[in-house]
Enquirer: 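Can you read through this structure? Questions will come right after.
Everything numeric here is computed off the predicted structure, so don't read it as measured data. Below, chains carry the letters A, B, ... as their sequence lines are ordered, and counting in each starts from 1.
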Amino acid sequence: MLDIELIRNDPERVREALRKRNDDPALVDEVYALDVQRREMLQKVETLRAERNRVSKEIGRMQDKDARQARIAEMRELGEQLAASEEKLREIEAAFAEKQMWLPNLPHESTPLGPDESANVVVRYWGERRDFAAEGFEPIPHWDLGPELDILDFERGVKLSGSRFYILKGAGARLQRAVIFWMLDVQTRQNGYTEVYLPFVVKREMLVGAGQLPKFENNLYHDVEDDLWLLPTAEVAITNLHRDEILTADQLPLNYVAYTPCFRREKMSAGRDVRGIKRGHQFDKVEMYKFTTPETSFSELEAMVKNAEGLLQMLEIPYRVVELCTGDISFGAAKGFDLEVWAPGQDAWLEVSSCSNVTDFQARRANIRYRPEPGAKPQFVHTLNGSGLAMPRLLIAIMENYQQADGSIVVPEVLRPWMGGIDVIRR
RNA sequence: GGAGAGGUAGCAUAGUCCGGUCUAAUGCGCGCGCCUGGAGAGCGCGUGAGCCGAAAGGCUCCAUGGGUUCAAAUCCCAUCCUCUCCGCCA
């Protein structure tokens, strides 16, 4: 959500932000017009309410029966007028609130300008890509490696739940568990995050607060009976942890890390990434999240990216860091970086992390504030989220980067304490 | 799931029976000041959030949503949540 003052005072700046995102700037004017209507009607309603309040108190003190009855009759009439105006105000406010929820965050000035992902900027590469030619074999993709090793089962996943579901088996399931446990340990012990275990379903308002609703409704799984929604990312739950709270400055920054499964319908991506486990309806993720002051959010974003990079460095998997352009940053983000790992079996870069500074966008929606100092007026916090890291893709990268000529997979050194003695996954 | 009790501004409580200076009180906490060599204690003052308005000022919020009424923390209905007991259960 944007500050309505900004739309009132500098609508052109907001229109420009939408253009940079490749969105239609007309939305700004619709919101603006509704705001004007809303304030007009609000003043009308409040004037009537003030009158009613004043006279009602008077009636309470009146002794003269007839005069009292006359006043009551007057107020009865005023009450009807008021009810009609209130009804109109409710309608306008609902329309205003809904429209406003479709406005994305303003991109930060440092975010590169561009219409889509082709304008993203690779800011650095890390690690040497393995020279398979020199080793004398062709790397194969995980969708061949996995079934061959009997650690990945596509058919039975589809049997249970339909397309885009799969089964991890034996050392494959264990490897995923090892990666998750290891990442949580690094995040909590070395990077200063507090682990939280969260509900995997949340109420509708939480999705609105985090920015997934109303715009991305078609990507979410939803239990109609109880109006509970499956998390598309832990970010949704963590954002709302401090909903409607006023934090103190010395509590910030708050750093959270959570492991959750994530559920996405992916209807928009039908036909994309159909091979393998890169894009499924269910995946596991360890998510980093920060609540910060406005002054520190951009430096905290850098720190968060470094935290995610550290994991890949310890795993010794080559990756690159991509600075997202205005047309590719997420709906709520002002600035964002993706981490992409090298997947030699497919000769492709896979996104395993996206780190965003959402500034006060979610904080406004979820009403998360802090008091800069005792007695000061509450202000919105800044929030940041980033994967640290996302599962099946990291698993893909491990499988494909650590594969050997005989089709076995070496377990990365750092994961071995969780692998129960398995150093090499072989048939 | 059943029975009972409850949800009031950071926390704890009063107010609800019987609608009207409740414009929501009190204690704790917190902030500022006095006092002190310094701190504590003590004393004094202050202290919810949001919205509209150029300002004066006004409006909203007593779990949530409806309703009754000139007027609702207070009365009525529904829902949610918490606690106690019972039942069931991993």
Enquirer: Within this structure, what is the CZ-to-C1' distance between A:Arg52 and B:A71, rounded to whole angstrom?
Expert: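 Going from A:Arg52 (CZ) to B:A71 (C1'), I get 8 Å.
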
Enquirer: Under 3.5 Å for both donor-acceptor distances, Watson-Crick or wobble: does B:G48 have a partner, and if so which one?
Expert: B:C61

Enquirer: Do the side chain of A:Arg71 and the base of B:G20 come within less than 3.5 angstrom through a donor-acceptor pair of N or O atoms?
Expert: no

Enquirer: Output yes when at least one side-chain N/O atom of A:Arg68 is less than 4.0 Å from OP1 or OP2 of B:A71, else no.
Expert: no

Enquirer: Tell me the interatomic distance from A:Glu205, atom CD, to B:A63, atom C1', rounded to whole angstroms.
Expert: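 Atom-to-atom, A:Glu205 to B:A63, this comes out as 14 Å.
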
Enquirer: Classify the nucleic acid contact of A:Asn367 as base, sugar-phosphate or nothing, counting any heavy atom under 4.0 Å across all strands shown.
Expert: nothing

Enquirer: Using modelled atom types only, decide if a donor and an acceptor are shared between the side chain of A:Ser356 and the backbone of A:Val358 within a distance under 3.5 Å.
Expert: no

Enquirer: Is the distance between the ring centroids of A:Phe263 and A:Phe200 under 6.0 Å?
Expert: no

Enquirer: Looking at A:Asn53, I'd like to know whether one of its side-chain N or O atoms comes within less than 4.0 Å of OP1 or OP2 on B:A71.
Expert: no

Enquirer: Can A:Lys203 and A:Glu205 be counted as an ion pair, charged N to O under 4.0 angstrom?
Expert: no

Enquirer: For A:Leu42, answer base if it contacts any base atom (sugar-phosphate contacts may also be present), sugar-phosphate if it contacts only those atoms, and nothing otherwise; contact means non-hydrogen atoms under 4.0 Å.
Expert: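 Sugar-phosphate, no base atom in range.
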
Enquirer: For B:C70 and A:Arg54 - does any side-chain N or O of the residue sit under 4.0 Å from the phosphate oxygens OP1/OP2?
Expert: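 No, because none of the side-chain N or O atoms of A:Arg54 sits under 4.0 Å from OP1 or OP2 of B:C70.
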
Enquirer: Say we look at B:U23 and B:C18: how far apart would their C1' atoms be, to the nearest angstrom?
Expert: 23 Å

Enquirer: With a 4.0 Å cut-off on heavy atoms, is A:Arg371 in touch with a base, just the backbone sugar-phosphate, or nothing at all?
Expert: sugar-phosphate

Enquirer: Could you tell me which nucleotide pairs with B:A14 by Watson-Crick or G-U wobble geometry, both distances under 3.5 Å, or answer none if nothing does?
Expert: none

Enquirer: Give none if B:A41 has no partner; otherwise give the nucleotide forming a Watson-Crick or G-U wobble pair with it, both distances under 3.5 Å.
Expert: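 When the pairing criteria are applied, nothing turns out to pair with B:A41, so the answer is none.
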
Enquirer: Are any of A:Arg38's side-chain N or O atoms less than 4.0 Å away from OP1 or OP2 of B:C52?
Expert: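 For B:C52, OP1 or OP2 has a side-chain N or O of A:Arg38 closer than 4.0 Å.
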
Enquirer: Which nucleotide, in any strand shown, forms a Watson-Crick or G-U wobble pair with B:C70, with both distances under 3.5 Å?
Expert: B:G20

Enquirer: Give the rounded distance in Å between these two atoms: CG of A:Leu82 and P of B:A72.
Expert: 11 Å

Enquirer: Report the base-pairing partner of B:G4 (Watson-Crick or G-U wobble, both distances below 3.5 angstrom), or none.
Expert: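 B:G4 is paired, partner B:C83.
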
Enquirer: A:Gln43 CD to B:U60 P: how many Å, rounded?
Expert: 15 Å

Enquirer: What integer number of Å spans the C1' atoms of B:G33 and B:A54?
Expert: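 Between the two C1' atoms, the distance is 35 Å.
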
Enquirer: Would you confirm whether the ring centroid of A:His108 sits within less than 6.0 angstrom of the ring centroid of A:Phe298?
Expert: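 Centroid separation for A:Phe298 and A:His108: below 6.0 Å.
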
Enquirer: On RNA chain B, compare the nucleotides closest to A:Glu58 and A:Arg90; which residue's is nearer the 5' end?
Expert: A:Glu58

Enquirer: Calculate the interatomic distance between A:Gln81 atom CD and B:C70 atom P; express it in whole Å.
Expert: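 The distance from CD of A:Gln81 to P of B:C70 comes to 15 Å, rounded to the nearest Å.
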
Enquirer: Should A:Gln100 and A:Leu2 count as side-chain neighbours, where that means a heavy-atom distance under 4.5 Å?
Expert: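 Side-chain contact under 4.5 Å: no.
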
Enquirer: Return yes if some donor-acceptor pair links the side-chain N/O of A:Arg38 with the main-chain N/O of A:Ala94 below 3.5 Å, else return no.
Expert: no

Enquirer: Roughly how far apart, to the nearest Å, are B:G44 and B:G53 at atom P?
Expert: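 Here B:G44 and B:G53 have their P atoms 42 Å from each other.
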
Enquirer: Taking for each residue the nucleotide of RNA chain B with the nearest heavy atom, is it A:Lys377 or A:Ser56 whose nucleotide lies nearer the 5' end?
Expert: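 Closest to the 5' end, via its nearest nucleotide, is A:Ser56.
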
Enquirer: OP1, OP2 of B:G57 versus side-chain N and O of A:Arg49: anything below 4.0 Å?
Expert: no

Enquirer: Are A:Arg76 and B:C70 close enough that a side-chain N or O sits under 4.0 Å from OP1 or OP2?
Expert: yes

Enquirer: Between B:G29 and B:G65, how far apart are the two P atoms, rounded to whole Å?
Expert: 34 Å

